[in-house]
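Quick notes on the structure that follows.
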Amino acid sequence: MNFELTEEQRIFFDTVKKFAQRELSVGALQRAHSDTYPWDVAEKFSEMGLLGITIPVEKGGVGGSLMDAVLAIQAVASVCPRSADVVQAGNFGPLRTFAEYATPEQRERFLPAILAGKTVMSVGMSEPEAGSAVTELKTMAVKDGDHYVINGTKVFGTHSSEADVFLVYVRYGPGTDGIGSVLVEKGTPGFTVGKSSAFMSGECWSQLYFEDCRIPAANVLLGPGGFKKQISGFNVERLGNASRAVAVGRYAFELAREHADSRRQFGRNLCEFQGLQWKFADMAVRLEAAQLMLMRAVVNAETGLPSAQDTAMAKLICNEAGFFAANESMQILGGLGFSEESLAQYCVRRTRGWMIAGGSTEILKNRIAEGVFDRRFSQRPLLAVAAQ
């Protein structure tokens with residue numbers, strides 16, 4: 001058992017970090033406060049081969065590993081937290097599920113522009129009445145000759161305000177086996193992207209409306225029975241979430257550490273006060289433990305998609321550790337940390353959002369408990385379960 005990166009992995013991490021320091025350190029604060037996607041960064045990452053890392057070469061990608069993608073997103077986040085979103089979109093988001101299950105024709109149509117940093121893909125999963133209970137989604141796909149007619153609405157999709165193509169979870173029929181997914185392009189008749197709204201994190205999202213939206217059958221990604229495959233791909237997105245959470249928490253930690261090492265109050269440096277020393281000790285332990293759990297999940301997934309149990313445990317501990325470190329660091333930084341002149345408060349807002357996005361911490365605990373007892377625990381009322 002080796003807890004160290006290989007020489008090749010270390011070189012890769014250092015190379016990406018040096019690139020980020022050279023190209024992204026200036027402007028990191030401005031990007032964090034911008035409500036637009038950093039397209040200039042996306043094009044730079046494309047040139048560096050940092051988009052499509054986990055996609056095999058024969059499918060149009062770079063042909064790297066999941067570990068490579070994790071190292072890349074954390075190296076970028078250590079310099080410019082906002083720019084790490086671009087690595088997420090180009091490796092961990094719905095793109096990974098798309099690349100895994102798309103037909104060659106679908107990949108040829110959509111992948112080149114995404115990996116060139118010209119556009120992004122968004123996922124249409126959550127609905128007004130189907131959040132954590134995603135299998136209760138109501139968006140329907142009804143076959144009509146060589147087309148499918150889509151009706152329904154989606155909310156809270158990452159990059160839904162900027163995307164040109166959407167991976168949409170739909171219902172072909174009743175039950176979990178009736179769930180699959182389709183690809184819908186922006187501008188398709190019957191498909192409307194609503195007004196842009198903002199999360200506390202500053203990220204924007206738009207409600208998606210499908211009203212007799214006709215798409216060709218060639219746009220079906222996964223037909224009936226595809227739900228389990230989709231969720232398996234979604235585990236990769238969760239690891240991207242976890243990777244950013246612990247890396248952004250560590251970014252805030254470093255801001256606070258540098259501050260405590262130089263800021264003087266009451267005649268001595270802040271780091272000399274035992275109360276603050278304990279805060280740093282608690283943060284360091286949580287961040288290190290989270291990083292180890294993340295790496296275990298990634299290593300165990302090297303031969304395929306990550307397991308649900310490893311993913312749930314890694315995301316939970318990374319979400320909690322990242323937010324804890326960011327929040328404690330903001331406290332240590334005082335008024336400066338609470339100001340928009342510092343990225344500390346941005347780190348707090350981002351890490352807090354990831355405790356909801358991609359599977360809330362409560363849902364993750366439910367999933368972990370199922371692994372502990374090796375059985376399913378339905379969250380639905382007993383009468384509803386009996387009816388099914």
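Keep in mind it's a predicted model, so treat the numbers as computed, not measured. We use all heavy atoms of the structure for the numbers below, so side chains are in, but hydrogens, waters and symmetry mates are not.
In this structure, a donor-acceptor pair under 3.5 Å is absent between the side chains of Ser160 and Ser122. For the residue pair Asp68/Ser65, the side-chain donor-acceptor check at 3.5 Å is satisfied. In this model, no donor atom of one side chain and acceptor atom of the other lie less than 3.5 Å apart for Glu203 and Thr158. A donor atom on one side chain and an acceptor atom on the other are not found under 3.5 Å apart for Glu4 and Gln9. With 3.5 Å as the limit, one finds a donor-acceptor pair spanning the side chains of Glu127 and Thr139.
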Counting only pairs under 3.5 Å, give me each side-chain donor-acceptor contact of residues 252-270, with atom names and distances, residues two or more places apart or in other chains.
from	atom 1	to	atom 2	distance (Å)
Glu254	OE1	Arg257	NE	3.0
Glu254	OE1	Arg257	NH2	3.2
Ser262	OG	Glu258	O	3.0
Arg264	NH1	Asn269	OD1	3.2
Arg264	NH2	Gly267	O	2.5
Arg268	NH1	Glu272	O	3.4
Asn269	ND2	Asp261	O	3.0

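Although no hydrogens or angles enter the test, the distance criterion places no donor-acceptor pair under 3.5 Å between the side chain of Ser34 and the main chain of Gln30. Between the side chain of Asn241 and the backbone N or O of Ala357 there is at least one donor-acceptor pair closer than 3.5 Å. Without hydrogens or angle criteria, Lys315 side chain to Leu364 main chain gives no donor-acceptor distance under 3.5 Å. Between the side chain of Asn91 and the main chain of Ile53, a donor-acceptor pair closer than 3.5 Å is present. Side-chain atoms of Ser25 come within 3.5 Å of backbone atoms of Gln21 as a donor-acceptor pair (strictly under, hydrogens ignored). Judged by distance alone, with hydrogens and angles left aside, the side-chain atoms of Glu328 form no donor-acceptor pair with the main-chain N or O of Ala325 at under 3.5 Å. Although no hydrogens or angles enter the test, the distance criterion places a donor-acceptor pair under 3.5 Å between the side chain of Gln106 and the main chain of Val220. Distance alone, capped at 3.5 Å, places no donor-acceptor pair between the Lys143 side chain and the Val149 backbone. Checking side-chain atoms of Ser307 against main-chain N and O of Asp310 turns up a donor-acceptor pair under 3.5 Å. No donor-acceptor pair closer than 3.5 Å links the side chain of Glu211 to the backbone N or O of Phe191.
In this structure the side chain of Val193 reaches within 4.5 angstrom of the side chain of Leu208, judged on heavy atoms. Here the side chains of Phe12 and Glu8 are not in contact, with every heavy-atom distance at 4.5 Å or above. Residues Leu71 and Val16 have side chains not in contact (no heavy-atom distance under 4.5 Å, counting atoms from C-beta outward). Put simply, the side chain of Val236 reaches to within 4.5 Å of the side chain of Leu66, judged on heavy atoms. Within the 4.5 Å cutoff, the side chain of Ile332 has heavy atoms near those of the Met283 side chain. Counting heavy atoms from C-beta outward, Arg244 and Gln74 have side chains that stay 4.5 Å or more apart.
Within a 6.0 Å radius of CZ in Phe338, no more than 12 heavy atoms belonging to other residues, nucleotides or ligands are found. Within 6.0 Å of NZ in Lys44 there are more than 12 heavy atoms belonging to other residues, nucleotides or ligands. A 6.0 Å sphere centred on NZ of Lys18 holds no more than 12 heavy atoms belonging to other residues, nucleotides or ligands. A 6.0 Å sphere centred on CD of Gln277 holds more than 12 heavy atoms belonging to other residues, nucleotides or ligands.
Under a 4.0 Å N-O distance rule, the pair Glu320/Arg286 does not qualify as a salt bridge.
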Dump the intermediate steps for side-chain hydrogen bond (donor to acceptor under 3.5 Å, both in side chains) on Thr153 and Gln207, then the final yes or no. CA-CA 7 Å; Thr153 185; Gln207 189 157 350; 3.0 Å; yes
Start with the C-alpha distance between Lys365 and Glu370, add both sets of side-chain angles, then the distance that settles salt bridge (charged side-chain N to carboxylate O under 4.0 Å, His left out), and finish with yes or no. CA-CA 9 Å; Lys365 289 178 180 179; Glu370 290 179 344; over 6 Å; no
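The cluster map of Ile, Leu, Val, Met, Phe, Trp and Tyr, joined by side-chain heavy atoms under 4.5 Å apart, puts Met67 and Phe92 in the same cluster. By the rule that hydrophobic residues join a cluster once side-chain heavy atoms approach within less than 4.5 Å of another member, Val170 and Phe166 end up as members of one cluster.
Residues meeting the ring-ring contact (aromatic ring centres under 6.0 Å, His included) test with Phe3, sequence neighbours left out: none. Taking the ring-ring contact (aromatic ring centres under 6.0 Å, His included) definition, one finds that Phe323 meets it with nothing, sequence neighbours left out. Evaluation of the salt bridge (Lys or Arg N to Asp or Glu O under 4.0 Å) rule for Arg109 yields Glu105, Glu185 as partners, not counting sequence neighbours.
Note on residues 162-182: pairs passing side-chain hydrogen bond (donor to acceptor under 3.5 Å, both in side chains), not counting sequence neighbours, are Thr119-Asp164, Ser181-Gln230. Sequence neighbours left out, the pairs with a member in residues 46-64 that pass side-chain hydrogen bond (donor to acceptor under 3.5 Å, both in side chains) are Thr54-Arg96.
With rounding to the nearest 0.5 angstrom, the CZ atom of Arg367 is 8.5 Å from the CG atom of Asn235. Rounded to the nearest 0.5 angstrom, Ser83 OG and Glu23 CD are separated by 10.5 Å. Within the model, atoms CZ of Phe234 and CZ of Arg238 stand 5.0 Å from one another, a figure rounded to the nearest 0.5 Å. Between Trp205 atom CH2 and Ser197 atom OG the span is 4.5 Å, to the nearest 0.5 Å. The CG atom of Leu51 sits 10.5 Å away from the CD atom of Glu43 when rounded to the nearest 0.5 Å. The distance from atom CZ of Arg250 to atom OG of Ser78, rounded to the nearest 0.5 Å, is 10.0 Å.
With Phe227 as reference, Ile179 is the one residue of Ile179, Leu137, Leu222 to meet the side-chain contact (heavy atoms from CB on, under 4.5 Å) rule. For the side chain to side chain donor-acceptor pair (under 3.5 Å) with Asp85, the qualifying choice from Arg31, His159, Arg350 is Arg350, the only one to do so. Among Leu95, Ile114, Val120, Asn219, the single residue meeting the side-chain contact (heavy atoms from CB on, under 4.5 Å) criterion with Val165 is Ile114.
The aromatic rings of Tyr346 and His33 stand perpendicular to each other, their planes meeting at an angle above 60°, with 30° marking the opposite boundary.
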